[in-house]
Amino acid sequence: MTAVDDRPERPLRVALLGCGTVGAEVAKLLTHSADDLEQRIGRRVELAGIAVRRLNRERPGIDPALLTTDALELVQRPDIDLVVEVIGGIEPARTLILTALERGAAVVTANKALLAEDGATLFAAAEAAGTDLYFEAAVAGAIPIIRPLRESLVGDEITSVMGIVNGTTNFILDRMHTEGVGFSETLTLAQELGYAEADPTADVEGFDAAAKAAILASLAFHSRVRAEDVHREGITEVTRADVATAEAMDSVIKLLAICTLTDDPEPRVSIRVHPAMIPSSHPLASVGGAYNAVFVESRSAGRLMFYGPGAGGSPTASAVMGDLVTVARNRVRGAAGPGESSYAQRQVAPIGDVVTRYHVSLSVADVTGVLASVAHAFAEHGVSLQIVRQEGVGPNATGPTGDAGSARLVIVTHDARDADLSATVETLRSLPEVHEVISVMRVEGDRA
Ligand SMILES: NC(=O)c1ccc[n+]([C@@H]2O[C@H](COP(=O)([O-])OP(=O)(O)OC[C@H]3O[C@@H](n4cnc5c(N)ncnc54)[C@H](O)[C@@H]3O)[C@@H](O)[C@H]2O)c1
Ligand SMILES: N[C@@H](CCO)C(=O)O
Ligand code: NA
């Protein structure tokens, strides 16, 4: 065990857990910027150890003497003041962070999956030890969004937070629109560029965005929201045909995270992640590549927009370093930053209560009266129609029933409850004239 050096001016010692895409950048910045960091913090910060899974990997610019495969032993070292966790996942990250917090070290993490699953335990441990838990990198990469919600806007009343919070899926959808390329080759490229999670299912199935949405909603609404509270749909079922349909409507498809308060006397948190069509003229439509953008709406400030690189080693390391400097400054002053604020304890509303517009695309029999049957199905559930368009009558396109040519009907609804739209879709599926419900997609953003 290392002897404790408790001279008042000794450097603050940092343990880095994980040396992958983000960790390697953090190690580089800590080493290269040591002199500037010392000026900004008022104390030298020293990288004292790096926990890795394998010792024998090539790590240019990193002193091999710092490496260890025993992360637990590293966080237990009494000379470690600050811990940066960039391993990801639930375990061993949770145990390592808790161990560090319990012995009073400050922790900086980029781990949204863990925060959205068990943030309450981590915040309680930080609070009990009177130390810091910072996590700017966990949501929207380099974009400052945690600190604005946690500090700058904490005197205001936030009513909604919505935006693009996953770089990988935005990169994929953007390339599907602009270059017409397929899903899997673009995902491979996103992995090579360091945007994707270790298991990219987390990105493409919307788990990553759901975890971020839970963190944003918790901060915005002073309530404990977990990933499992988020209605989640990913982008794996978005097809080239959906992209083409969106373009025909002068729209694009984006994976959105939407956190709002309901209008009830006791407002509830409504929180969802799903692909949606938004008009090309909407500011979110021009968010390209792995960029993210988050809109925050609050009573006094009005509308704010946060935009920037949402993924990748270097941008994410920028957010980690910002937190590291902050917790180091706090430590020098003998202070700690804000903890969890969940006093409002708002309930989470079910997805069925969400009100928005829908784009529904159907393959129907090309026969007289089909339009009336379809319109009746919508009316029966109280869903009113804004646009109905018939596309591509195919005399040779025989539907699954085999008895008629198919036509494609494209419908856009007015505002409707999600539960009513789902019931409508069930009815549509049962109609003999409807060969197939090709796609159902929410339409967002035309009120921005
Ligand atoms: N890459 C990004 O763009 C990005 C952006 C924001 C947040 N994050 C988050 O940052 C964290 C790290 O992401 P990443 O992209 O650097 O992942 P990564 O897979 O590139 O790096 C993680 C590293 O941790 C190592 N590791 C795993 N288990 C370990 C253990 N027990 N002890 C020591 N090392 C261990 C792995 O070998 C790997 O090198 C994740 O929580 C991720 O969600 C990533
Ligand atoms: N995999 C994540 C990393 C940033 O959190 C993304 O693509 O947005
Ligand atoms: Na951020």
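Atoms within each ligand, like the ligands themselves, are counted from 1 in listed order.
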- Query: Considering only protein heavy atoms, which is closest to atom 5 (O) of ligand 2, and at what distance to one decimal place?
  - Reply: K112 NZ, 2.5 Å
- Message: Just to confirm my output: which protein heavy-atom neighbour is closest to atom 31 (N) of ligand 1, and how far is it?
- Response: P92 CG, 3.5 Å
- Message: Show, in sequence, the C-alpha distance, side-chain angles and deciding distance for E247 and R240, and conclude whether the salt bridge (charged side-chain N to carboxylate O under 4.0 Å, His left out) test is met.
- Response: CA-CA 11 Å; E247 284 169 0; R240 298 275 289 277; over 6 Å; no
- Query: Looking only at heavy atoms, is any part of A311 under 4.0 Å from ligand 1, and if so is it the side chain, the backbone, or both, or is it neither?
  - Reply: both
- Report yes if the side chains of L16 and V86 come closer than 4.5 Å at any heavy-atom pair, otherwise no. yes
- Note on the structure: atom 8 (N) of ligand 1 sits nearest the protein heavy atom K112 NZ, 3.7 Å
- Task: Measure the distance from atom 21 (O) of ligand 1 to every protein heavy atom, then report the residue, atom name and distance (to 0.1 Å) of the closest one.
- Result: G20 CA, 3.3 Å
- Query: Can a cation-pi geometry be assigned to R303 and F295, taking NZ or CZ under 6.0 Å from the six-membered ring centre and within 45° of the ring axis?
  - Reply: no
- Return the residue, atom name and 0.1 Å-rounded distance of the protein heavy atom closest to atom 36 (C) of ligand 1. R53 NH2, 3.8 Å
- Task: Please tell me if the side chains of H359 and T245 come closer than 4.5 Å, counting only heavy atoms from C-beta onward.
- Result: yes
- Message: Is the shortest side-chain heavy-atom distance between T21 and E25 below 4.5 Å?
- Response: no
- Query: Going by the order shown, which atoms of ligand 1 are within less than 4.0 Å of some heavy atom of G88?
  - Reply: 40 (C), 41 (O)
- Protein contact of atom 25 (C) of ligand 1 - nearest heavy atom, named by residue and atom, plus distance: G18 CA, 4.3 Å
- Query: Short N/O distance, under 3.5 Å, between A196 and ligand 1?
  - Reply: no
- Message: Check E436 with R429, please: is the shortest side-chain N to carboxylate O separation under 4.0 Å?
- Response: no
- Under 30°, 30 to 60°, or over 60°: which ring-plane class applies to H222 and Y343, parallel, tilted or perpendicular? tilted
- Is T169 touching ligand 2 with its side chain, its backbone, both, or neither, if touching means heavy atoms under 4.0 Å apart? neither
- Task: For residues L12 and E46, determine if any side-chain heavy atom of one lies less than 4.5 Å from a side-chain heavy atom of the other.
- Result: no
- Query: Checking side chain to side chain contact (heavy atoms under 4.5 Å, CB included) for the pair L189/E185: CA distance, chi angles, key distance, verdict?
  - Reply: CA-CA 6 Å; L189 185 54; E185 59 187 287; over 6 Å; no
- In R10, R331, R13, the residue satisfying side-chain hydrogen bond (donor to acceptor under 3.5 Å, both in side chains) with D81 is R10
- Closest approach of any protein heavy atom to atom 7 (O) of ligand 2, naming residue and atom: T168 OG1, 2.6 Å
- Query: Relative to ligand 1, is E197 under 4.0 angstrom through side chain, backbone, both or neither, heavy atoms considered?
  - Reply: side chain
- Message: A side-chain contact here means heavy atoms from C-beta on lying under 4.5 Å apart; do R103 and R77 qualify?
- Response: no
- Under 4.0 Å from any heavy atom of Y195, which atoms of ligand 2 are there? 1 (N), 2 (C), 3 (C), 6 (C), 7 (O)
- Item | Y134 six-ring face occupied by R150 cation (under 6.0 Å, within 45°) | yes
- Message: the Na ion (ligand 3) and I143: any N/O/S contact shorter than 3.0 Å?
- Response: yes
- Has A137 got any heavy atom lying under 4.0 angstrom from an atom of ligand 1? yes
- When you look at R226 and D118, which way does the salt bridge (charged side-chain N to carboxylate O under 4.0 Å, His left out) test go after all the steps? CA-CA 8 Å; R226 301 177 64 207; D118 202 11; 5.9 Å; no
- Task: Can you pull out the closest protein heavy atom to atom 5 (C) of ligand 1? Residue, atom name and distance to 0.1 Å, please.
- Result: T316 OG1, 3.0 Å
- Distance-only, no hydrogens or angles: does the E233 side chain make a donor-acceptor pair with backbone N or O of I235 under 3.5 Å? no
- Query: Any protein heavy atom lying closer than 4.0 Å to atom 39 (O) of ligand 1?
  - Reply: yes
- Write out the residue and atom name of the closest protein heavy atom to atom 15 (O) of ligand 1, then the distance separating them to 0.1 Å. T21 CB, 3.6 Å
- From L193, V52, V86 - option closest to atom 11 (C) of ligand 1 by heavy atom: V86
- Side chain, backbone, both or neither: the part of A196 lying under 4.0 Å from ligand 2 by heavy atom: backbone
- N or O pair under 3.5 Å between A138 and ligand 2: no
- Do I146 and F135 come close enough that some side-chain heavy atom pair is under 4.5 Å? yes
- When you measure from atom 8 (O) of ligand 2 to every protein heavy atom, which one gives the shortest distance, and what is it? G167 N, 2.7 Å
- Query: Quick check: does G141 put an N/O/S atom under 3.0 Å from the Na ion (ligand 3)?
  - Reply: yes
- Can you find a non-hydrogen atom of G310 under 4.0 Å from ligand 2? yes
- Item | Sub-3.5 Å N/O-N/O distance, V22 and ligand 1 | yes
- Can an N or O of D203 be found at a distance shorter than 3.5 Å from an N or O of ligand 2? yes
- Shortest heavy-atom approach to atom 10 (O) of ligand 1 - which of A317, P315, A110: A110
Which pairs would a plain distance check flag for residues 286-294, meaning a side-chain donor or acceptor within less than 3.5 Å of a matching protein atom at least two apart in sequence or in another chain?
unit_1	atom_1	unit_2	atom_2	d
S286	OG	P283	O	3.0

- Item | Atom indices of ligand 1 within 4.0 angstrom of G194 heavy atoms, with elements | 1 (N), 2 (C), 3 (O)
- Message: If the contact criterion is a heavy-atom separation under 4.0 Å, does L17 count as touching ligand 1?
- Response: no
- Nearest candidate to atom 35 (C) of ligand 1, where distance is taken over non-hydrogen atoms, out of I87, L114, V320, T68: I87
- Message: Taking 4.0 angstrom as the limit and counting only heavy atoms of G312, give me the atoms of ligand 1 inside it, by number and element.
- Response: 2 (C), 3 (O)
- Do I258 and I271 touch side chain to side chain, with heavy atoms closer than 4.5 Å? no
